[in-house]
Amino acid sequence: ERAAARTPGKLLAGDLESLPFADRSFQLVYCCDVLEHVRDDRRALIELFRVLAPGGRMGLVVPAFQCLWTQHDEANHHHRRYRRSNLVRLVRGAGFTVVRAGYLNVTLGVPVALYRLTQRLLETIRPRPSTCPPRSDIRPLPRALNGLLSLLYRAETALVGSVDLPLGTSVMLVLSRPAA
């Protein structure tokens, strides 16, 4: 609602499995933390391929590793998390060519993994009551800690520009639609 109010007539709402755009409309598509929210990710990727022009590029970012699934994913209405290899197979099946395939958020990967795996263990020992809705574990951080983490992410961003990282909490792909 806020976005629509700020950009009258310029905001389009759509379903990722049935986009409101003509075939081959875009040279660039960026899909960040969206695919995990749709039931039929294969259908959504076919739609994204449909609207991408020949020779066009797409950036795709999704949460990584089903073993990191917690109530955070439930609270955010995720259907799944991905491994790089499975996602690469899925996008190739939709027609894309994979240009780059790696992981993001390596910097905090180990602490996040330890935290989430501990959460899962605690939930098996003491399950959340069914009357208690799932909660996200994202919280505002103290300014100093946020500043330090920003520095680490900037360093990681520079590295991601030239190297496909082998681990992280998100999978990142750069894709293309063949020109012919």
Peer 1: What distance separates Arg43 CZ from Asp15 CG, expressed to the nearest 0.5 Å?
Peer 2: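 So the gap between those two atoms works out to 9.5 Å.
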Peer 1: For Gln66 and Tyr82, run side-chain contact (heavy atoms from CB on, under 4.5 Å): C-alpha distance rounded to whole Å, both residues' side-chain angles, the deciding distance at 0.1 Å, then the answer.
Peer 2: CA-CA 6 Å; Gln66 195 66 31; Tyr82 295 85; over 6 Å; no
Peer 1: Among all residues two or more places apart in sequence or in another chain, which pass the side chain to side chain contact (heavy atoms under 4.5 Å, CB included) test with Thr97?
Peer 2: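 With neighbours one apart ignored, the set is Ser176, Pro178.
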Peer 1: Give every donor-acceptor pair under 3.5 Å between a side-chain atom in residues 20-31 and any protein atom, sequence neighbours left out.
Peer 2:
| from | atom 1 | to | atom 2 | distance (Å) |
| --- | --- | --- | --- | --- |
| Asp23 | OD1 | Arg50 | NH1 | 2.7 |
| Ser25 | OG | Ala22 | N | 3.3 |
| Ser25 | OG | Ala22 | O | 2.4 |

Peer 1: How long is the span from the CD atom in Glu17 to the CG atom in Leu45, to the nearest 0.5 Å?
Peer 2: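 So the CD of Glu17 and the CG of Leu45 are separated by 10.0 Å.
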Peer 1: Considering residues at least two apart in sequence or located in another chain, which fulfil the side chain to side chain contact (heavy atoms under 4.5 Å, CB included) criterion with Leu121?
Peer 2: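 So Leu121 forms a side chain to side chain contact (heavy atoms under 4.5 Å, CB included) with Thr124, Ile125.
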Peer 1: Compare all side-chain heavy atoms of Arg120 with those of Cys67 and state whether any distance is below 4.5 angstrom.
Peer 2: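 Heavy-atom side-chain distance check passes, below 4.5 Å.
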Peer 1: To the nearest 0.5 Å, how far apart are CG in Leu117 and OG1 in Thr70?
Peer 2: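 So the gap between those two atoms works out to 9.5 Å.
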Peer 1: Can you check side-chain contact (heavy atoms from CB on, under 4.5 Å) on Leu173 and Val171, steps first, answer last?
Peer 2: CA-CA 7 Å; Leu173 301 182; Val171 181; 4.3 Å; yes
Peer 1: In chain order, what residues pass the side chain to side chain donor-acceptor pair (under 3.5 Å) check against His78, with sequence neighbours excluded?
Peer 2: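 Counting only residues at least two positions away or on another chain, His78 forms a side chain to side chain donor-acceptor pair (under 3.5 Å) with Asp73.
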Peer 1: Run the side-chain donor-acceptor check on residues 51-63: report pairs under 3.5 Å with partners two or more places apart or on a different chain.
Peer 2:
none

Peer 1: Go through the structure and list residues passing salt bridge (charged side-chain N to carboxylate O under 4.0 Å, His left out) with Arg42, not counting sequence neighbours.
Peer 2: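 Checked Arg42 against salt bridge (charged side-chain N to carboxylate O under 4.0 Å, His left out); zero matches.
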Peer 1: The criterion is side chain to side chain contact (heavy atoms under 4.5 Å, CB included); which residues satisfy it with Leu167, sequence neighbours excluded?
Peer 2: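 Only Phe65 meet the side chain to side chain contact (heavy atoms under 4.5 Å, CB included) criterion with Leu167.
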Peer 1: Looking at residues at least two apart in the chain, or sitting in another chain, which of them share a side chain to side chain donor-acceptor pair (under 3.5 Å) with Glu123?
Peer 2: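 Checked Glu123 against side chain to side chain donor-acceptor pair (under 3.5 Å); matches are Gln71.
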Peer 1: Excluding sequence neighbours, so at least two apart, what forms side chain to side chain donor-acceptor pair (under 3.5 Å) with Ser136?
Peer 2: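 Partners of Ser136 under the side chain to side chain donor-acceptor pair (under 3.5 Å) test: His72.
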Peer 1: Would you compute the distance between atom CG of Leu68 and atom OH of Tyr115 and round it to the nearest 0.5 angstrom?
Peer 2: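 Leu68 CG to Tyr115 OH: 13.0 Å, rounded to 0.5 Å.
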Peer 1: I want to check something: taking the side chain as every heavy atom from C-beta on, are His79 and Val38 in contact at a cut-off of under 4.5 Å?
Peer 2: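 No; the side chains remain at least 4.5 Å from each other.
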Peer 1: Is there a side-chain contact (heavy atoms from CB on, under 4.5 Å) between Asp41 and Arg80? Walk through the geometry before answering.
Peer 2: CA-CA 10 Å; Asp41 54 355; Arg80 70 201 70 78; 3.3 Å; yes
Peer 1: Side chain of Glu47, backbone of Leu19: donor and acceptor closer than 3.5 Å?
Peer 2: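 Flag set: sc Glu47 to bb Leu19 pair under 3.5 Å.
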Peer 1: If a pair satisfies salt bridge (charged side-chain N to carboxylate O under 4.0 Å, His left out) and one of its residues is in residues 82-105, list it, with sequence neighbours excluded.
Peer 2: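 Sorted result for residues 82-105: Arg100-Asp164.
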Peer 1: To the nearest 0.5 Å, what is the distance between CG on Asn105 and CG on Leu149?
Peer 2: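 If we round to the nearest 0.5 Å, Asn105:CG and Leu149:CG are 11.0 Å apart.
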Peer 1: Is the shortest side-chain heavy-atom distance between Thr169 and Leu104 below 4.5 Å?
Peer 2: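 Side-chain contact under 4.5 Å: no.
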Peer 1: Test of understanding: with side chain to side chain donor-acceptor pair (under 3.5 Å), list the residues that count as partners of Tyr103, not counting sequence neighbours.
Peer 2: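 Tyr103 satisfies side chain to side chain donor-acceptor pair (under 3.5 Å) with no other residue.
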Peer 1: Give, for atom CG of Leu90 and atom OG of Ser85, the distance between the pair rounded to the nearest 0.5 Å.
Peer 2: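 Reported to 0.5 Å precision, the distance equals 11.0 Å.
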Peer 1: So Leu165 and Glu156, do their side chains get closer than 4.5 Å, heavy atoms only?
Peer 2: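 Yes. Closest side-chain heavy atoms under 4.5 Å.
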Peer 1: What residue pairs, at least two apart or across chains, pass salt bridge (charged side-chain N to carboxylate O under 4.0 Å, His left out) with a residue in residues 142-152?
Peer 2: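 Every pair satisfying salt bridge (charged side-chain N to carboxylate O under 4.0 Å, His left out) with a residue in residues 142-152: there are none.
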